[in-house]
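This report refers to the structure that appears directly beneath it.
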Amino acid sequence: MPNRRTETRHAAPGKTCNHFQKYGMTCDDFDRLLARAAGRCELCKTLEEETQRGALVIDHFEGGGLFFVRGLLCDRCNSVMSRHDRAVAWGPSSLPWKDKARAYHLAAFGQPSLDEFEQADRHIASRRTYHVKDRAYLLVAPRKALVVRLDRSMTETAAKLRRHLTERQRERLIELLSGRE
Ligand SMILES: [Zn+2]
Ligand SMILES: [Zn+2]
């Protein structure tokens, strides 16, 4: 069984590989992923050493009860994929990547089943509520991506905020968060 002592080939002496700690990926799997990427970001195909940080990161999809490794990306493409995963509207600079991002998603290294891909899409679609016109959303805990809709969320956080903010304060907060100041 792969464990913290066996999965060490890509780590400093005495350490466990990051790919195993964070993604449960064995060293053999990681070597296969490295071979697939062949030293380039798998989305924009930039050589690893020519990327901004000079390093590629393991990209994964997580959400709706799913978790799968997708591939190796540069930082910029990693944020392109988070756009894909959150169903953020594609702007002029990201639009050229829309189809490529999709193709890359569908070629996920973790080989999800068709059902799982559909499940992922349902999850992505369910996040689309980020982009309603009035933008009455508040990112309460960015690391957890907990979003409450100030005017109607039934969550405790939303209820608390409604209780404690006056109508005017609430509107002001929404303005501030929407950058409409
Ligand atoms: Zn390793
Ligand atoms: Zn890239």
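Numbering of ligands and ligand atoms starts at 1, following listing order.
With respect to Asp99 and Arg102, no salt bridge is recorded, no charged nitrogen being found less than 4.0 Å from a carboxylate O. Ion pairing between a basic and an acidic side chain is recognised when a charged N comes within 4.0 Å of a carboxylate O; Arg36 and Asp31 show no such pairing.
For a distance threshold of 2.8 Å, the protein N, O or S atoms nearer than that to the Zn ion (ligand 1), listed by chain and number, are His10 ND1, Cys17 SG, His19 NE2, Cys27 SG. Protein contacts to the Zn ion (ligand 2) involving N, O or S atoms at a distance below 2.8 Å are Cys41 SG, Cys44 SG, Cys74 SG, Cys77 SG.
No single ILVMFWY cluster, assembled from side-chain heavy atoms under 4.5 Å apart, contains both Val69 and Leu43. The hydrophobic cluster containing Leu66 also contains Leu106, counting ILVMFWY residues as joined when their side-chain heavy atoms lie under 4.5 angstrom apart, directly or transitively.
At least one side-chain heavy atom of Met81 sits less than 4.5 Å from a side-chain heavy atom of His105. Taking 4.5 Å as the limit, every side-chain heavy atom of Phe68 sits out of range of all side-chain heavy atoms of Glu62.
The backbone N or O of Ser113 lies less than 3.5 Å from a partner atom in the side chain of Glu116, making a donor-acceptor pair. At distances below 3.5 Å, not a single donor-acceptor pair connects side-chain atoms of Glu42 with backbone N or O atoms of Tyr104.
Remark: aromatic rings of His10 and Phe30 are close, center separation under 6.0 Å.
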